[in-house]
Structures are given as C-alpha cells and as structure tokens.
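So the structure is just underneath, and the comments pick up after that.
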Amino acid sequence: MENESITSLTREEVERIAVLAHLSLSDAEVALYREQLSVILAHAARLQAVDAGGTLPPAAVGRRPVLREDEPGATLSREEALFNGPDCDAGCFRVPPVKAME
Amino acid sequence: MEYEAVIGLEVHAQVHTRSKMFCACPVVPDTGNLPPNTYVCPVCLALPGALPVVNRQAVALGIRAALALHCAVQPLSVFARKSYFYPDLPKGYQITQYAHPLARNGYLEVDVSQRFCRIGITRIHLEEDTGKLYHGNDGTRVDFNRAGVPLLEIVSEPDMRSPDEARAYAMALRDVLVYLGLNTGDMEKGMIRFEANVSIRPQGSGTLGTRTEIKNLNSFRALSRAVDAEIARQIAILNSGGQVTLKTLGWDAAGEQLFVQRNKEQAHDYRYFPDPDIPPLAVTPEWVASIAASLPELPRARKARWVAHYGLREEDAALLVPDRALAGYFEAAVKHGLGCGVAPQDVANWMTGEVFRLLKARTSGITGARVSPERLAALLRLLYVEDAINVASAKKILEVMFETGESPERVVERLGLSQISDPALLEAVATRVIRDSPTQVAQYLDGKEPLIGWFVGQIMRETRGKAEPGQAQEIARVFLERERSNRF
Amino acid sequence: MIALCDLTAHEALDLLRSGEITSVALTASALDRILAVDNDVCAYLTLTPEQALAEASAADALRRAGQDLPLLGIPVAFKDNLSTRGIPTSCGSRMLDGYVPPYDATVVRRVKEAGAVVLGKTNMDAFAMGSSTENSAFFPTHNPWDLARVPGGSSGGSAAAVAAGEALLALGSDTGGSVRQPAALCGVVGVRPTYGLCSRYGLIAFASSLDQVGPVARDVTDAALLLGVIAGHDPADSTSRLDSGSDYTAYLARKDLAGLRVGVLQSHPEDGIQAEVADATRRALKTLRDLGAELVDVSLPHGVYALSTYYLIAPAEASANLARFDGVRYGFRAAADTVEALFSRARGAGFGPEVKRRIMLGTYALSAGYYEAFYIQAQKVRTLIRADFDAAFEAVDVIVGPTSPTTAFMLGERVADPLEMYRADALTLSQALAGIPAISVPCGFDAAGLPVGLQITAPEMQELRMLQVAFAFEQATDWHRRRPSLIESS
C-alpha cells in the first residue's frame, strides 16, 4: 500500500468515518479533522516500514482469562437502572421511533 | 433452464445457562414477560467502566454442541467486538467471535424424506444477545433484560438444495441442541432463530450464484416458506434476463412476503477487532475430553437403535425421540415392559396415543406426570400379557392413574374393572341378550350380519365393559348360529 | 508549623495512630486548603465535604474502638473516570455531565475499605485523552507551581490536588503516561503499575489494553502504601492478574544500591528534551551511581515507533469503548426525530474535539481496508517494543530516564497542534505499550522553578524493585520535600 494513498484523507473519507462513528460534524470540523488526521496518519505511516514479519499481536500471546462460574448474582433495581436515563417511560428507555430493521 | 438452489443456514440458539454470557444477571426462561429492565446490571447495561467476564458454563455448553456436531474445538479462540449502532445494542458493539471461533469443521446427518444427507458445519461461536425494542408511535422503548444472554451461532456450509432440506436440517439441529440440554427448543419464545443464505445456479453447475440473506426467521414454517419464495424470486429474475444482487431480506410471516432490509451499498463495516477486555479463550484437551465423556446419545442414533433393537416403526421412533425427557420415559417403560413380556411397539403405541393425549390436556409435561414408566409398563402387562383388562378399561385406568398417581392394580380393584374371562358368566349374559332381543335376532338371521356388533355392544353394556370384546364377539356369534340351527 | 494536609499519608497515619491528631482535623485541614486554593488550581470537579467529614468522624470512632486499617482516616481524591457510587462521575466530559454511577469501581471500593475518607473527584482531560487537562469540558486545571501553566494530564487534577495539599493521596489512571507525566509536572510521585496489577472494573475505559489505575502521592512510601491497597486480583476484570498484591511499604528501607544495574537510554533528538530536564536527569543518574548502582547504556530499537503505535492502538480501542455513549441509557441527550440523528447529535455535541479526533482516528484504523495496515501492524510493532524491553532487562535491573521531555508548558500553548501535544507523552508510551511498571519521582527544578520528574522503569511485576530504587533515590535527595509557594500564601 502506498503511504500517500492512505495518509492523505479526502473530505469524503472523513465524512464516511464520521458516519461510521456516528458523529455529526460541522463543515469546519470535517475540514479540521481532515487536516489533522492526515498529519497524524502520515506520522503513523512510518510503521509500515517496520519489518514485523511473523510477529504476533500481544493479545495472541497474552494471559488466559479467568472464567466466571455460572452463578446468578445481584442485579440493579429498576430505579437504579433507569436513574441516568435521559428519557424513560414504562420501565424502559425511550428513543425516537425506530422502524423495525433488524 | 433448470436451476438448483444452494442454501446455507446460520442458526442462533440461546444457550441455557443460569446467568448471562458476560455478567452474573440471572437468565430466566421467560424474559419476554418480565418487567422491563429488572434483570440488568452495570455490565449488560453497558454502564461506563463495566467489564465482561466469560461464563464458563456457556463455553462448556458451546463445546458440548461442537462435539455433538463433530466439530474441531479450537485450543484458542478469541472474542471480538462487532461495532454498529442500534438502540438495543448497549455497548455500541456486540461481543462475538470472528476470526477465531470456538469450533470449526463439523457436520450434522439429516434424514430428508427417506434420503440421508450430511450437512457441513463451518463454524460454531459464542456471542451475546441484544435487548428488545417495543415500537410505538411516541417512540421506541428499550428493555435490556435479554441483553447479554448467551447465544450460540452455528453456521452451516451451503450444502442444502431445497427448502425441505433446509427445514429438515433446522429441525434436526434443534433436536440435537435440545438433547444436549443447551436449549429448550421453544421457537415461539425465540429460543432458536434462523438466517438463510440463498443462491441459485444452473443444474449441474459447479460455481455459486450471487446470494441473498434472509434474516429473522423464527419458525420452521417461516424458514421453508421464505426460502421457497426467495428461490422462486431469483429464478424469475434470471429467467427474465436480470441479475440477482446482494441483498439482505426480511420475511413478513403474517403476509408471507419477503421484503428488502438492506442493499449492498448499505453494507455494514463492522470493524471487528479482538476484544481487549477478554484475553484469548484457552480450551484444554482435558476439558474437551471431560465434556466428550458426558455427551448423551443423540436423537438420530437413538432412533436408529430403537428401530434396530426394539423393532419400532420408524415414524413412531421419530415421534418419541425429539423430547429427551419423553424419550427417556419411553425407554424406561420399554425396559420394564421387556422384563414382563410387553412388546416395545405396544409401549410406543400407547405413548404416541393415550399418553400424548393425556399430556396434551395437562401442562406439566412428562416430567410432571404422576405415572411412572414402571407403572405404565405394569398397566400394559395387565392388558397384553395377563389379559386381565380390555383396551377400553386400560384407557380408563391410565386416565385415572394420571389423575391420582395410583398403581394400575389398585385402580382396577377400586373401580372393579378386571375383565370377565369366565366363559360361563359371559354365556349367561349372551343367552339373556338374545332372549331379550327377538327383533334383532330375526334381522341377523335374515342376513343382516353386521348386527353382530350390536350384540357385542349389548354384552359389553351388560358387563359394564369388563368383557374382552373379542371373546364377547365369539360367544355372540356362536349363540346366534346356535339360534339359527334351532329355528330350522 | 505546616498544615496537617501537608503531611504525607504515612506521617499522618503515625499521628493518627498515636492519637495526636484526628481524621476530622486532618480532613478539615484538607477541606480548608481546597477552599483556599482550588479557585485558582481548579483540581476538583466534585467535592463531597459533608460526606468526607462524616467518614472522618466514623474513622475516628473506629480508631477509638481499637481498629486500624491501612488508610484509616486519610483524605483521598479520585480521578473523575473512576466510578463512585452516588457521586457524579463525568470523566471530564460534557457527555457524562450529571451521570451518577450505581456502583463503585473496584479500586474505589478497596480504598474505601482501607478506611480512606473521600474528598471528591478530580479534573481530567475528557475521557483521559490529553496531556494537559485542558481537554476537560469544564475548566482547565492550573499547575500549583505556576498557575499560568498546565499540570500535565490527563490526571492533572489528581496531581495538582496532591501537590497543593488538597488531598493527601489520589488515584489517577495511566493509559500512555497520564499518571507519570502530570506527577512529573507537579513535582509529586506517580506510579503506573504492571498491566493487570490493579483492577480496571469501574474505570471508564479509554484504551482497554493500556489503561491502568495508579497512585499519586507526595513520596514513594505513600505511593507504595496506596499501591498495596489497590493491587490485587479482581474476578470482575478478566485482564487482572492472579499473581498480584503485596504490602510494598514493608520492604522499603533506606539502603544503598550496590549491585544494581541501571539502564540508561540514549535520548533521541526527536524526543525534544529540554536542556534543564536533561541536566536534572544526569544529576539523578550520578546520585544513583553514588548510591552504588552501575550505569549501563541500553537501547530500545523500536522505541522510536512508540508514538505512532500508541496513537493507532489507543484510538482504535477508544473508538469502540466510547460507542456506548449513545444518549440512550445515560449521558448527554440531543433532540432528534430519528434514532440515527439522536446518536450522531448526542455524540457530536457531547464529545469534545480531542475525543472526536481520536474516535475518528480509531474508526479509520479499524475500518475495512485499513485494519491490517494500521491496527494489526501497530499491534505487531507493540510486540517488538515489548521484546526490546525484555532484551534490555537481560542486562539491567531498571531503566532510568526523564518522565517528560519538558517541564510544565503554558496553558493554551499546544492546544492547536495535536501532534505536538502527543509528544508530551513520548517518554511514557513505551512502558504502557509493553505493560510494564514505571514510577515518576521528583528529581529537580528548571530555572523557572518548575519540577522535573525522573522515571524509573522495571520489568513486569517488579514493582517492589522499582519502588526500592525510587525510595533509595528519594532518601538521598530532598526534591520531594519542596512545596509550591502557593501553599505558604494560602
């Protein structure tokens, strides 16, 4: 992969990432991030030069997890669960209407 | 042109554990009917700072399923984050397994209308369920009781060629999961959900066509109807010179119609990466071996054994095998019966007939039944081996046994249902019936021979059902013929 | 006479145990100091004075009843990314303004169970993303040594509070240097433990594979004391180690460093080390040699890639960790007609610029087509960096160098240039990537009177060795006894 092609972001790419990340950005923010991310990614592109060959990511050589025994434990009360909810109704969190999608 | 369908299934089955996949919140059978957001904790509500910890039993059950499906359990598997936004997904990602699933490369053997096929299993992995949405005009409400409930995803190879095969595979898989004790098999409660990948190709072609995905199929009927409809839709497209395009479809079960959920250009970029909160999952050979040792006999093998060893009819075996508790009950009754001369097929007939009928009228299921397999066998011994009761009495006795939990002998004694097998007694009754029914006797002798049934009925009535019907018929025939010879 | 709140925790514990002071008096002294200086320092986001005094008086009652606990009656502060049951926890972000956790982070619970008195929650860069505490959504924290300067970050509030006597001890979190760098800039001691030594349960995640909670204290003994309280396996954190936990203070004793091999890294021009920082470091190394240590040159060939590696891995993990902030169950809610708009607006308006920048960067690094080139490659380089340390520790027992390339910089100085800001962490990133422990201890001052920090790095799980070296150095110097002039005027 050419360093150029991955490090100089287009406006469309920045907008696509913002959609993926669910961030509504102003035009000024899009322009700013386009510039700043390009600089940071250009710096990051130097990693491409490192010969990491068959090196494994640390996760693959790391420790083993401790598993949990299948014992039911305490839950939050509904009051606690909903306490921080910005919009709650009928014991549920409420959001604008969703079309059944998935 | 003749087309052939190529079908693969992804099955999501709830894993029957006591607590959730990554937290200690209880999992209860009927989450749908609980007050919303009462079975939640910081982890499954994805409060800031909460962390997942893997449920050992969920992994053990996953391994159990993998072994039953002849898969290779991976020594190291990795939980990954699948990122997308939806209100029922509290973390903004689902913890699932992606590049390194729990198990790979297995198969399930399935019988489809007298034909046998082997459906390949590509992979099996563990993941967590989402919350539930309730749609309303003034907004959508979100309940997270179900969020974090463990799910097993079983992905098949595209080895099925017809909706029937897909349905047979799905049912066989359901039976296996229920047998393994990891799922209740209750489709109405969404314990098992299907997704089908469908493509078509010219008959005999070796390449695969463009496939579409049908999501959220919640019953066997929906599965086969939707796949059927999609095959027809694709054939129609190709026949009219068009091209099938990548799509995600939904199935409207009420209207029996497919609808488009998503086109290719809206495809997700899920940004999978290993979950840094969960180190790779190591499964030792010792763990796998100990689970393998506890694996029960699976439905298909059990059915084959019954047919071979008990001489059972295939269709009766098929009825009795899927419910593990029922099958166990049947097998215990057969064992008791064999000890005293009751034929397994007779036990099967009573199970699929009377026992099913009586269970249906009750909600407790076979495990709650008050009649032990031993007592069912004892009842059948009275009927078939000792001739102490007749079929009608046996049915009545069984019903009483279901009510009171008494032994068959005690019911027989209490209700005075033991069969009259003393010929002298029956002959006296027959003599009386013939004497009291001159009209019917005359008609019979005139050639209206089916009336013999009426005489048997009268004898049964006189004896209050205690006569053995065959014997009653024989005596009636002998006495009527004797009457005929008396008249001429 | 110094104020009670200027005592170290171990000095205060001695006085509490001998009955010369009470926790109520000690806590009142810290609250007085807060009242006097926090308008200028701005170390705290939330204060819990009534609760603190009640806890102090309960601690005194317990002590009178003959009980003792490791931190009984000691006033402490928690960084605002540590969940505290019933106390607002904003993580320095507008996104969580008003959020009140229904549970305590494991480290918070341990500190409370050790008898500490909770003063409040300290300011931080939003979601721990920053090196100056200027990314707090509420206000920046000021360096007690010079109010025109930053305290470092992201645990700037904790470091400033401890430096200014506004708490005897504090907890911070260190993802790429967020405890050590502000400790250096504020002239206090800060520890980043081995990854997995302290539970992350309840720590609002920034980058899961890097985040660690660590103590901020006025001397090494206090840091060891607090570390001993928070270290230990937690079944609620799958990444927490089983082999953890120790009473570190028991092993601290004044001694020479004969036989100790100290690794010295040749600095890289790109590190941009301020001359006075380099001088202070040289003097510190001489002190260690005078104590009997042998200085050995070491190199970390892949260290030069630490910045790039860190700024791919940390944002990638953050992009997923911060996906839960969608305005549904808690946090900032924007008016919207559709769910899509709700998510995007809540996140667009609730997150600050640095957080959004890193989410964008991380989302990009994980997106289709770039995952292998960026994220996977960064993970591989991370393994190489860890291997460099493993090789270096074959030849040396600890590695010593500066904590921060510069002393505290001016507020506003680096806000416009993210990459320049990122360089403030250049010397603290590689330990985080390798998962190994490091401590920053005061080792001098620059011409402007700003503190310089010395960083001592040890192999995995060698906290004790690290603390012993730091303790020996501290005993041979008096940098840790200096206090900002702000205190005298208060």
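Here the CE-CG distance, from C/Met360 to A/Leu25, works out to 5.5 Å after rounding to the nearest 0.5 Å. One distance of note links CG of C/Leu361 with CD1 of A/Ile17; it measures 8.5 Å at 0.5 Å rounding. A distance of 5.0 Å separates CZ in C/Arg333 from CG in A/Asp87, rounded to the nearest 0.5 Å. Atoms CD1 and CZ, from A/Ile40 and C/Arg358 in turn, are 8.5 Å apart once rounded to the nearest 0.5 Å.
When heavy atoms are compared at a cutoff of 4.5 Å, C/Ala416 approaches chain A solely by way of its backbone atoms N, CA, C and O. Using a 4.5 Å cut-off between heavy atoms, C/Tyr422 touches chain A through its side chain atoms alone. Proximity to chain A (any heavy atom under 4.5 Å) is shown, for C/Thr309, by both the backbone and the side chain. Residue C/Tyr103: no heavy atom, backbone or side chain, is found under 4.5 Å from chain A. Heavy atoms closer than 4.5 Å to chain C are found nowhere in A/Val19, neither backbone nor side chain. In this structure, chain C has a heavy atom under 4.5 Å from the side chain of A/Arg16, while its backbone stays farther away.
Minimum heavy-atom separation, C/Tyr370 to A/Glu13: OH-OE2, 3.1 Å. Nearest heavy-atom pair, C/Gly348 versus A/Leu23, reported as atom, atom and distance to 0.1 Å: N-CD2, 4.2 Å. Residues C/Val328 and A/Pro86 come closest through the heavy atom pair O-CD, 3.4 Å.
Within the 3.5 Å criterion, the main-chain N or O of A/Leu9 finds no donor-acceptor partner in the side chain of C/Tyr364. Remark: the backbone N or O of A/Ala21 is paired with a side-chain donor or acceptor of C/Arg347 at under 3.5 angstrom. Side-chain atoms of A/Asn84 do not come within 3.5 Å of backbone N or O of C/Gly331 as any donor-acceptor pair. A side-chain donor-acceptor contact under 3.5 Å links A/Gln48 to the backbone of C/Ala373. Side chain of A/Ser24 to backbone of C/Ser344: a donor-acceptor contact under 3.5 angstrom is found. With A/Arg46 contributing its side chain and C/Val304 its backbone, the two residues share a donor-acceptor pair below 3.5 Å. Side-chain atoms of A/Gln36 never come within 3.5 Å of backbone atoms of C/Asp417 as a donor-acceptor pair (strictly under, hydrogens ignored). Using modelled atom types, no side-chain atom of C/Ser308 and backbone atom of A/Leu47 make a donor-acceptor pair closer than 3.5 Å.
Between C/Arg345 and A/His22, the closest side-chain pair of non-hydrogen atoms is not below 4.5 Å. Between A/Pro96 and C/Asp337 there is no side-chain heavy-atom pair separated by less than 4.5 Å.
Chain A forms more heavy-atom pairs under 4.5 Å with one residue of C/Pro353, C/Ala341, C/Ser319, C/Ala236 than with any other, namely C/Pro353. The choice from A/Ser26, A/Ala81, A/Ala44, A/Cys88 that makes the most heavy-atom pairs within less than 4.5 Å of chain C is A/Ala44. Heavy-atom pairs under 4.5 Å with chain A peak, among C/Arg386, C/Glu340, C/Arg357, C/His302, at C/Arg357.
The number of heavy atoms from other shown groups lying within 6.0 Å of CZ (A/Phe83) does not exceed 12. More than 12 heavy-atom neighbours from other residues, nucleotides or ligands sit within 6.0 angstrom of CD on A/Glu15.
Residue pairs meeting the salt bridge (charged side-chain N to carboxylate O under 4.0 Å, His left out) criterion with at least one partner in residues 23-32 of chain A, sequence neighbours excluded, are A/Arg11-A/Asp27, A/Glu29-C/Lys356.
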